[in-house]
Protein chains: 2
Amino acid sequence: MNSYIISETEFDPLKIRKNESIMCRGNGYMCIRASLEERYPEEKRGTFINGVFDGANGEVSELAVLPDTTRFDIYVDGERVFLTGKNHTGYSRTLDMETGEAVRVFTWESRAGKKIKFKFRSFVSQEKAHIAAYKAELSASESADVKIITGICGEAANTGVQHIGAPVRRVYENKTMGLYAKTLASCVDIAVHCSVKCSAGCTVSHLADRRSLYKCIEFTLGEKSVVTEKLVSYVSSRDPEYDGAEPGSDTVAGDGKKYLENACSLGYDALFNESAGKQRAYWKRHGDKIVSKNGFYDRALKFALYHLNIMTSQSDNRVGIGAKGMSGEGYKGHSYWDTEIFIMPHFMFTEPEKARRLLEYRFKLLKSALKKAERFGFKGAMYPWEAAWITDGETCPEYGDIDLLTGEARRNLMGEIEVHISADIAYAVWQYYTITGDTGFMESCGCEIILLTALFWCSRVTEKNGRLEILNVIGPDEYKDCVDNNAYTNYMAYFNLKLVSKIKDIIPKRLKEKYDCEKIVSAAKNTAERLYLPEANENGIIPQFDGYAELKPIDLSPYKNKSCVGLIFKDYGFSQIQKMQVSKQADTVMLFYLLSEMFDKKTVFDNFKFYEERTVHDSSLSMCIHALLAARLGIIEAAEKMFYKACSVDLGDTDNSDDGIHSASIGGIWLALAMGFCGLGCEDGVLSASPVLPVDWESFELCVEYRGALIKIGADAGGTFAERLCGDKTKIKLNGKYIEV
Amino acid sequence: MNSYIISETEFDPLKIRKNESIMCRGNGYMCIRASLEERYPEEKRGTFINGVFDGANGEVSELAVLPDTTRFDIYVDGERVFLTGKNHTGYSRTLDMETGEAVRVFTWESRAGKKIKFKFRSFVSQEKAHIAAYKAELSASESADVKIITGICGEAANTGVQHIGAPVRRVYENKTMGLYAKTLASCVDIAVHCSVKCSAGCTVSHLADRRSLYKCIEFTLGEKSVVTEKLVSYVSSRDPEYDGAEPGSDTVAGDGKKYLENACSLGYDALFNESAGKQRAYWKRHGDKIVSKNGFYDRALKFALYHLNIMTSQSDNRVGIGAKGMSGEGYKGHSYWDTEIFIMPHFMFTEPEKARRLLEYRFKLLKSALKKAERFGFKGAMYPWEAAWITDGETCPEYGDIDLLTGEARRNLMGEIEVHISADIAYAVWQYYTITGDTGFMESCGCEIILLTALFWCSRVTEKNGRLEILNVIGPDEYKDCVDNNAYTNYMAYFNLKLVSKIKDIIPKRLKEKYDCEKIVSAAKNTAERLYLPEANENGIIPQFDGYAELKPIDLSPYKNKSCVGLIFKDYGFSQIQKMQVSKQADTVMLFYLLSEMFDKKTVFDNFKFYEERTVHDSSLSMCIHALLAARLGIIEAAEKMFYKACSVDLGDTDNSDDGIHSASIGGIWLALAMGFCGLGCEDGVLSASPVLPVDWESFELCVEYRGALIKIGADAGGTFAERLCGDKTKIKLNGKYIEV
C-alpha cells in the first residue's frame, strides 16, 4: 500500500467538494482545488494565489477565487460527457502526493453505446510557482466526434461574491489566451494565461463570452488516442517577486505571458518531471513515517506534510496561513492563532526559515495590532483575531451566521474579545527563538512583538478583588462568550508578560529609542506579579473561567464521536450552551501542552480527564491536542485512538472539508506525533525527545532540522533511536540523556 | 392540438437554457426563468424585477439577476435527484400559456431501483404582481427517505457579476424566511420572502449559508403523495407602488412580508385560480388566431402574445422593454429601438395605455438624451442607443466582444453613431398619436420629444455637396460601421423633421416658454428641405449608404437559412464584411414598411428583392419585416415562408434563445401578421385593414382595440371580415372601403 496515494475508486457526486479540498494541488504560491474536469452542480471550483485578498462591497477582505482553468467541457457526438451512477466503468482517481500529480481514468459510455476512454492528468508545478498543467487523453471503441471546450473561465466567484473586475481578454496569434483583471477593492492585478495544444488533426477555434475565453477543439476520435495539453500561468501584482516595487498591469501581463511561453517550450512531461523531482526532494527531507498494520496512520502523516507544504509560501513574508490553507473559501483564507499554535512548530523543527517568514508576517501586522488596540482603548499590540493581507487590519466579520432559532444574525465578538491571539504570537516568537537561536530575528522583529503584546496585556487587565483580572474574553472554547479570567488567556498573558524580562537584555537600541522600554519592562513585571492565575479547586480542577464549576453538567454522549459537528445545536440554543459544562474544544488543557512546566502531572491528568468528558470536539483544533497530551501523559492507547480521530478530520468520512482542509488539524497531526508520541522539545538550546511507540505501530520516525543538522528520531520494537542524516555532529537529549549524533 | 401549450417530452440538458427563456413566467413586474427544480451545469437561473438595474464595479447598468427561489435540491435515500439519459420515464414538461402554469412530471428511478413520481407546478401570479408559487408532489413505489432543500439562494449572479450586496436574513417564527439586500451601485432595496409548507408528517429545519436561506424538509415517502407548497414574494424599492416616495428598507421588507402572508392565507390553488382567471381574461381580449393545418403558426402567435404581455409593465412608466424582455440576461435588459419599431405597434392597436407608458418612459429619458447630445457636441435630444433605468443615461458599453481574429476588444460605436433611434422614437410618438388621437399625451410629452429630436437632427447634419448630409452613422444593419447617408437614417430623420410642422399648432404654451419653438420649427423645415434623401439609382435601387453599389457582391448561400447566426464570421473578419454587399438585417427595406407612402410599389419590389438577396438575416429583427413587406407586396407564398422563419427565431431548433427570448422578433410576429397579412393601419383617424390569406391558412383573425372599440378583423375562405366585439359603433376602412362595425 502506497501511503502517498489519496484515491477514490467510485464516482460519488456528494464527495465532489470534499475531494476538491483534500486532493487540492499547490505550491505555497497558489493552490488549485481538485475539481473534476466535467461540471457538476455540487462542484466548487477554486484557484487561489497566496495574499490575493479582496474586500469588495464593504465585506471583509477574503482570499479571492480567481478565474478558473480546471474545467473541460467535453461533448461526444453532441452529448455532454458527465458521470452518472451507471454510465461508466473503470473509474479511479488518485492524487500521488509523492509527485504531486492527480490522475483520473474512466471509460464513459455514450447514450448510443460508444465507449470512450478518458485519462486526465494534472499538477501544479513545484519548480515554477506560476505554472499549472493539465493533460487529457481520449480514445474510443469506435469512431466518435469529439468537441473539447476549455480555457479561462472568469465566472468563478466566492459563493456568489465576485472579487474580480471585468476582465480584458486577448488571443495572441490564435494561440495563447490571456485574461487580465483587477480585484475590485484591493486593486490587485491578475493575469491568467493559457495555452491548449492538441495532437495533429484537430480543428481549433476560440470562443469568448462575457468574462471568459475558451479554445474549442474538434476531432474525430478512434482507437488511436488524442492528447490535449493545457498549460496555464497565474501572476498577480502582489507576487513576492514584486515586493517593494509597484508593477504596472503591463508588467504583470507580460511576465505571465513569458512564464507561460517558457512552460510551453517544455511541455507537460518535462514540466512534470521537473516538478516531481522537486516534490521528491521535499519528501527526502521530510521522511517522517509511521509503520503500522493500519496504513491510515502513515497516509495521514504524508497527507499532513503534503498540505503543510502547499499551504505555506516558499519565499513571501507578507502572507500567513489560512485556516483552510488555500484549499477552499472556508474562513475566507484568514490566518488565526492556528498558525502559531498548531502549525508553526512543524516549521520551526523542519524548515525554520519558513517559520521565520510566518513570524515576519506577524511583525508586518504590528501596525494593524497597534491600531486595533487604540480603537478599543488599549495600549500596545492587540493582534487581529483574523488576519488577511498585511494592511487589511482586523478582518473578523462583525456579524456571523444567523441564529436559526431566533432568526437574527449573531454578533461575532471574536474580533473584539478573543484576545489570546496576541499572547499566542508572542509565545511562538519565543518558541522560534529557543529552537533556532535566531538572534537576528529577535533583533529585527521578535523583541518588538513581545514588548508590544506585553504592553497590551498591561492595559487589558482590570483591578478587581485585590488583583489584576482579565475580564470579558473568549477563550479557545468558542461555545463560551464573554467570560472572565479564562485560564488559557490569563496563563498565556502571564507567559507573554514574563517574556519581557527574558528578552530585556537583547532589546536592540532601535527599540529603546522608539519606546520607553524600561517602563514597559517594569509594567510587564508588575502586571505579571499581580495577574490572577486561576488555580486548581478542591477537586484539582482549574476552572476554565470564573464560575465554570457552577455550570450545569450534561450528558454529551449524543454529541460526541458523531460524523458531523455542531449536533448539540439541534437541541440547544447558543445561550443555553453558555450555561452548561460543554466545551467545543481543548481550552484549559491547551495550557498543559504549551506551558507544561507550570503544572504537575496530577493536575494535568485530572484536568485532562475532567475536561475531555466535557468536550464535544466540534473544533478540528481539539482532537490533536488531546492526542498529544494523552501521549505525554503515557495513556498511549487513548492517545492512539485520539490520534486516529485527529487524522480523520479531513481524511475520514465526513463532509466538513467541503470548503477546504483544516490546516490547524493538519498541523496538529504532526504536532501530536512530534510533540506527543515523539516527545520533541528543546531544552536550553538542545534538541530533546522521548519517543513512545503505540501498541499498533511497528515503528515511527521523524526528520527534524535542528540548527543546521537533519536528524531522524523515532521508536521501533528495539526502542528509541536518533540518527543524523546530514549536517554537523550535534548533541541531543534522548529520553533524558544527552547523546551525540 | 392546443396552441397554448409549449412543451418538451424529452429531457435534453442542451435545451435547458433555451427552455428557461421561452417558458419563462412573468407578469410585467417580474419574470422568472423556467429553470428546472433540480440543478444542472447547463442551467442559468434568473429572476428579474422590471427596472431593477445595477451597474456595479464600473460596468454599465444591467438588469440584475435577483436571489433565486426556483431551486429544489431533492435527495432520495441520500441520492441527489437529477435526470440522466436513462434514469427516468414518463417525462413531460409544459407551459400552459392559457393559464400561465408550468407543469413537469417524470418518474425517477434511484440507483437502488426505487421509482419516485414527481410532479412540479409553478406560476407567477397575474393578479398579485409580487407573488410566485411552486408546488411539488411526490409519491413512491416503495418506502423512501426524502429530503427537500429549498428556499432563497443569494448566489445567483449575472454571468459571474454579482449585483446584490451581502444579504441580511431572517427566519420568522420558524416559518417565513426573509432575505434583504441592496443592489451594489444603484442601492435598490430588495426583499425576498419565502414560505415552504409540507403535508403533515415532515421534519422541518432551516439552513443558512453565506448568502442563502433554506428550509430542509424530511419525510418518509410511500404511495401516498406528499405535497410541498412554496410561495415567494419579491419587492424592490423601485416598485411602481413607491414611485415618487423613497421607501426605506423597512417598508420594502415589511410590504414583502405582508404580500407573502396574504398569499399564504390563500395557498397555491386559490392563488392559481385567481391568476389563471386574470390570464384567461387577457386571452379574451387578445383572441388573435391563425387556423392552419400547421398548428405552429397559431402557437407562435400565442407565444408572441404571451411574451408581449409578461415583458411589459402593467402600470409603470419608468421602465421600457428589454431586448430579451426579462427572460434572460442577454443585452443586459436594455431597451433599444426594438421597442418603438417592432413592439409598440402591438400595444398601440391593442392596449394603447401600455404604449403611452412606454413613450412616457422615453419622455423621462429626455434629460439623458439632452445630456448625450451635449456630450457629443449636438443640440436637442440624442437618445441613448441602449437605455436602462431612467437616470442611467447611455448604457451602450464602450467595448464589445473581442475580435477573435485580432484578439482585441472591439469598440462599440453604436452608442455614439447609431443615431436613428432618436427618429424612431419620434416616429412612434406620431404613430401613437395618429392611432389613438391622444392629445393629452402630445401636450405632456409627445410634442417635446418631437421638437427636441428634430433639433438634434438640425445639428447632426453636415453641409456637403451643396446639401445637408448625415455622415458617419450606423444604420439598422450593424455589419456596416461608420457609413455616410444611410438611407434609413436620412429618411427617418427627414420624417422626424417634417413632424415639427405637423405639430406646430398643438405645441403647448409650456414648451413655447421653455424653448424658442419658432426657431426650432423653421430650422426643422429648412433642414428637411435641404436634407439629402438617397434616391434610386439607374437600376431602381436606393443605396443603403454612400458607395454601397461599389461594394463587392458575394454568394451568401453558405450563410443563409442556417441554424445558427454569424456563420459568415467563420470566413471573414469584420473589416472584410464592411467591404461587401452583405447586410445583417433589414435596413433600407425598413423604410418601405415605416414610410410606405414615400415610395412607389416598383421601387419597393425591386429594392426588396435586391436587398433580401444580400441579407443574411443574422438579426432577429430581420425576417419579420421581410415577411411583412412580402405580404404587403402580395408575394404571399414568400411572405408565408418568411413568417414561418420569423416564428422560428425563438421556437425553432436553434440555441440562440439561451440568454432570453427576442422581444423584437416576438413583436415582429404580431407585426408581420397585423401590419403585413392583415394590412392594418390608420388613415386620417380611421382604422384600416386589407387582409390577405396565405394559401396554407384556413383563416386568421386579430383583435384590435381602436379608440374604445374592440374589433375583430381577419380573413377566411369566404373573404375578409371585421366585427365589433365591444365598445361603440365605429367606422373602419376594410379593403379600401369604409364600413361601419
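These values consider heavy atoms only, across backbone and side chains, with no hydrogens, waters or symmetry-generated copies. Chain letters run A, B, ... following the sequence lines, proteins first, then strands; residues in each count from 1.
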Identify which part of A/Ile164 has an atom lying under 4.5 Å from any heavy atom of chain B, answering side chain, backbone, both or neither. neither
Just wondering, more than 12 heavy atoms not from B/Tyr399 lying within 6.0 Å of its OH? no
Consider side-chain contact (heavy atoms from CB on, under 4.5 Å). Of A/Glu38, A/Arg71, A/Arg80, which one does B/Pro41 pass it with? A/Arg80
Taking side chain to side chain donor-acceptor pair (under 3.5 Å) as the test, write out the residues that go with A/Tyr331, two or more places apart. none
ring-ring contact (aromatic ring centres under 6.0 Å, His included) involving A/Tyr214 - partner list, sequence neighbours excluded: none
Chain B contact residues among residues 154-161 of chain A, heavy-atom distance under 4.5 Å: A/Glu155, A/Asn158, A/Thr159, A/Gly160, A/Val161
Region of A/Lys332 in contact with chain B, defined by heavy-atom distances below 4.5 Å: side chain
Go through the atoms of A/Tyr75 and report whether side chain, backbone, both or neither lie under 4.5 Å from a heavy atom of chain B. side chain
Between A/Tyr40 and chain B, which part of the residue has a heavy atom less than 4.5 Å away: side chain, backbone, both or neither? backbone
I need the residue from A/Arg111, A/Arg211, A/Lys570 with the largest number of non-hydrogen atom pairs under 4.5 Å to chain B. A/Arg211
Can you pull out the residues in residues 55-68 of chain A with any heavy atom less than 4.5 Å from chain B? A/Asn57, A/Glu59, A/Glu62
Rounded to the nearest 0.5 Å, what's the gap from OG1 on B/Thr84 to NZ on A/Lys86? Could you check? 8.0 Å
Take atom NZ of B/Lys114 as the centre, draw a 6.0 Å sphere, and report whether it contains more than 12 heavy atoms from other residues, nucleotides or ligands. yes
Answer key: most heavy-atom pairs under 4.5 Å with chain A among B/Glu79, B/His206, B/Glu42, B/Glu43 is B/Glu42
